[in-house]
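Presented below is the structure to which this report refers.
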Amino acid sequence: MKHGKRHRAEVARSLPEWQFKFLSYKALKKKLKLMNPNPYGRHRARPGAQDMGFKQSLNRELDKVNTFYLDKEEDYIIMFRELESRAENLNGNEEVFELQREILDFHSEMVMLLHYSVINFAGLMKIVKKHNKRAGEAVYSSYMRRVLQQPFFSTELLYNLIRGCEAILERFSPPE
């Protein structure tokens, strides 16, 4: 299956409210096709206005993905602290079950954000690779180095929050 179709299928399976927060792979691919009508690149066009338009669109998409990711990460830090605080001040079994359910929901949403990061990275990698083939420029390695430094690719904080949720859940699980 082509990346674009796989990308759209992943978006559809994700949280519906996140649908327009993903990289617009199809729109970038359309812009890329406008750059050089020869898909095999024998007569490559010199980088010009169309190339700059593609790169500006690509940078806007990267900013969109980073902004969403950072906003979610900030929300998750706050939510984790609230759940952690509630876990320390529980009064009964009903509260424990309710908290466990909330932590599991929260955990699954954070895993979805990890998935979001992977899908967008793959999309960026594919579209930059396609740009290289079409434009004949070697921007792939330099651009991908830049992508590797982006917030949405740095998932360590998110992994720590996920592990923190798992640790809270472990405290409430019965001993074996």
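Sequential numbering from 1 along the given sequence is applied to the chain's residues.
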When hydrophobic residues are tied together by side-chain contacts of less than 4.5 Å, even through go-betweens, does Leu124 share a cluster with Val118? no
Separation of Ile103 CD1 from Leu169 CG (nearest 0.5 Å): 5.0 Å
Under the salt bridge (Lys or Arg N to Asp or Glu O under 4.0 Å) rule, collect the residues that match up with Arg101, sequence neighbours excluded. Glu98, Asp105
Residues passing the salt bridge (Lys or Arg N to Asp or Glu O under 4.0 Å) test with Lys21, sequence neighbours excluded, are none
Run the side-chain hydrogen bond (donor to acceptor under 3.5 Å, both in side chains) test against Asp63 and tell me which residues pass, sequence neighbours left out. none
Same apolar cluster (I L V M F W Y, side chains within < 4.5 Å links), Met112/Tyr159: yes
Tell me every residue that passes salt bridge (Lys or Arg N to Asp or Glu O under 4.0 Å) with Arg86, counting only those two or more places apart in sequence or in another chain. Glu102
Glu84: which residues meet the salt bridge (Lys or Arg N to Asp or Glu O under 4.0 Å) condition with it, sequence neighbours left out? none
The single option from Phe20, Trp18, Phe22 that satisfies ring pair (Phe, Tyr, Trp, His ring centres under 6.0 Å) with Phe68 is Trp18
Suppose we screen for side-chain hydrogen bond (donor to acceptor under 3.5 Å, both in side chains). Which residues come up paired with Arg171, at least two apart in sequence or across chains? none
OG of Ser57 to CG of Leu62: how many Å apart, nearest 0.5 Å? 12.5 Å
Drop me the distance from Tyr69's OH to Leu114's CG, to the nearest 0.5 angstrom. 6.0 Å
According to a 4.5 Å side-chain heavy-atom criterion applied to Ile, Leu, Val, Met, Phe, Trp and Tyr, with indirect links allowed, do Leu70 and Phe106 form part of one hydrophobic cluster? no
Distance-only criterion, 3.5 Å: show the donor-acceptor pairs between side-chain atoms of residues 147-158 and protein atoms not counting sequence neighbours.
{"from": "Gln150", "atom 1": "OE1", "to": "Asn66", "atom 2": "ND2", "distance (Å)": "2.6"}
{"from": "Gln150", "atom 1": "NE2", "to": "Arg146", "atom 2": "O", "distance (Å)": "3.1"}
{"from": "Ser154", "atom 1": "OG", "to": "Gln150", "atom 2": "O", "distance (Å)": "3.3"}

Give the minimum heavy-atom separation between Gln100 and Phe172, together with the two atoms involved. NE2-CB, 3.3 Å
Between Leu99 and Leu83, the two heavy atoms sitting closest are CD1-CD2, 3.6 Å
Given side chains that start at C-beta, do those of Lys126 and Lys29 come closer than 4.5 Å, heavy atoms only? no
For Glu166, what residues pass the side-chain hydrogen bond (donor to acceptor under 3.5 Å, both in side chains) criterion, not counting sequence neighbours? His107
Kindly list each side-chain donor-acceptor pair under 3.5 angstrom involving residues 72-82, sequence neighbours excluded, with atom names and distances?
{"from": "Lys72", "atom 1": "NZ", "to": "Glu109", "atom 2": "OE2", "distance (Å)": "3.4"}
{"from": "Tyr76", "atom 1": "OH", "to": "Glu109", "atom 2": "OE2", "distance (Å)": "2.8"}

Rounding to 0.5 Å, atoms NZ (Lys133) and NZ (Lys130) come to a distance of 7.0 Å
Let me confirm one number: the CZ-OG distance from Arg60 to Ser24, rounded to the nearest 0.5 Å. 10.5 Å
Show me the donor-acceptor pairs within less than 3.5 Å that the side chains of residues 88-96 make with the rest of the protein, sequence neighbours left out.
{"from": "Asn89", "atom 1": "ND2", "to": "Ser85", "atom 2": "O", "distance (Å)": "3.1"}
{"from": "Glu95", "atom 1": "OE1", "to": "Asn91", "atom 2": "N", "distance (Å)": "3.2"}

